[in-house]
Amino acid sequence: LATFFGELGTTLVAMLTVAIAAAIVAHNVGARAAVLVAASSLAVVASDALQALGNPTPLHRELFGVNAANGLPSSHAAYAASVFGVFAVLGRRHGRPEVVAVSALLIVLMGPARMLSSAHVPSELLAGYGVGLTWLALVLLADQRLSAH
């Protein structure tokens, strides 16, 4: 399970997942919804930019034995919260409770899976979820503003 979630958030798999999902969403829901899917994936860019500013967690890394290549915030958690969050929103809008449930499950399981694989500590995951949910809110707000005009 930890390996699955680790691979799910790698750059190549994430790009392929988003591209395929955007194409499916475009076909079934419309182009505007596909743009939401693509825009939500940019949460990883925000997360990576914050990681580049520095990682103030050396003590956490030593205590928890975390891989030094990962950091604050978790890009995997940001990706899950934003991308699967937009799937949940679209599922709710279109009366697809199974999409909402699977999306929520993927969001919730990403954090524990990354901890089990020693890739992140809780603070990094919470920060990643925060970045992802904030990015999702910004994407949905922009969509709402654009649809009002």
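Values below: all heavy atoms of this structure, side chains included; hydrogens, waters and symmetry mates excluded. In this text, all values refer to a predicted model and were calculated from it rather than measured experimentally.
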When clusters are formed by joining ILVMFWY residues with side-chain heavy atoms under 4.5 Å apart, either directly or through shared neighbours, do Leu141 and Val86 land in the same one?
-> no
Between Met15 and Val13, is there a shared hydrophobic cluster once you connect ILVMFWY residues whose side-chain heavy atoms come closer than 4.5 Å?
-> no
Who pairs with Ala39 by side-chain contact (heavy atoms from CB on, under 4.5 Å), at least two apart in sequence or on another chain?
-> Val139
Expected output: side-chain His120 to main-chain Gly111 donor-acceptor under 3.5 Å | no
So if you build clusters from Ile, Leu, Val, Met, Phe, Trp, Tyr with side-chain heavy-atom gaps below 4.5 Å, do Leu42 and Leu138 land together?
-> no
CG (Leu36) and CG (Leu90) are apart, to the nearest 0.5 Å, by 6.0 Å
In terms of hydrophobic clusters joined by side-chain contacts under 4.5 Å, are Val83 and Val35 together?
-> no
Search all heavy atoms of Val25 against all heavy atoms of Ala34 and return the closest pair with its distance.
-> CG1-N, 3.6 Å
Members other than Leu146 in its cluster, when Ile, Leu, Val, Met, Phe, Trp, Tyr link by side-chain heavy atoms under 4.5 Å?
-> none
Ignoring hydrogens and angles, write down the donor-acceptor pairs under 3.5 Å from the side chains of residues 98-109, residues two or more places apart or on other chains.
| unit_1 | atom_1 | unit_2 | atom_2 | d |
| --- | --- | --- | --- | --- |
| Glu98 | OE2 | Arg96 | NE | 2.5 |
| Glu98 | OE2 | Arg96 | NH2 | 2.5 |
| Ser103 | OG | Val99 | O | 2.7 |

Of the non-hydrogen atoms in Ala43 and Gly132, which two are nearest, and what is the gap between them?
-> CB-CA, 4.3 Å
Kindly write out the residues that satisfy side-chain contact (heavy atoms from CB on, under 4.5 Å) with Ala21, not counting sequence neighbours, or none if the list is empty.
-> Val37, Phe87
Among pairs that include at least one residue of residues 20-47, which meet side-chain hydrogen bond (donor to acceptor under 3.5 Å, both in side chains), considering only residues two or more places apart or in two chains?
-> Arg32-Asp143, Ser47-Ser75
Would you mind listing the cluster partners of Leu16? Hydrophobic ones only (ILVMFWY), side-chain contacts under 4.5 Å, chaining allowed.
-> Leu12
Donor-acceptor contact present, side-chain Thr134 to main-chain Gly130, <3.5 Å = yes
How long is the gap from CE on Met115 to CD on Glu124, to the nearest 0.5 Å?
-> 10.5 Å
Quick one: which of Val131, Leu125, Val121, Leu126 gives a side-chain contact (heavy atoms from CB on, under 4.5 Å) with Ser74?
-> Leu125
Quick one: does Pro73's side chain get under 4.5 Å of Gln51's, heavy atoms only?
-> yes
Among Trp135, Phe5, Phe84, which one satisfies ring-ring contact (aromatic ring centres under 6.0 Å, His included) with Tyr79?
-> Phe84
Output for pair (His76 NE2, Arg114 CZ), nearest 0.5 Å, gives 4.0 Å
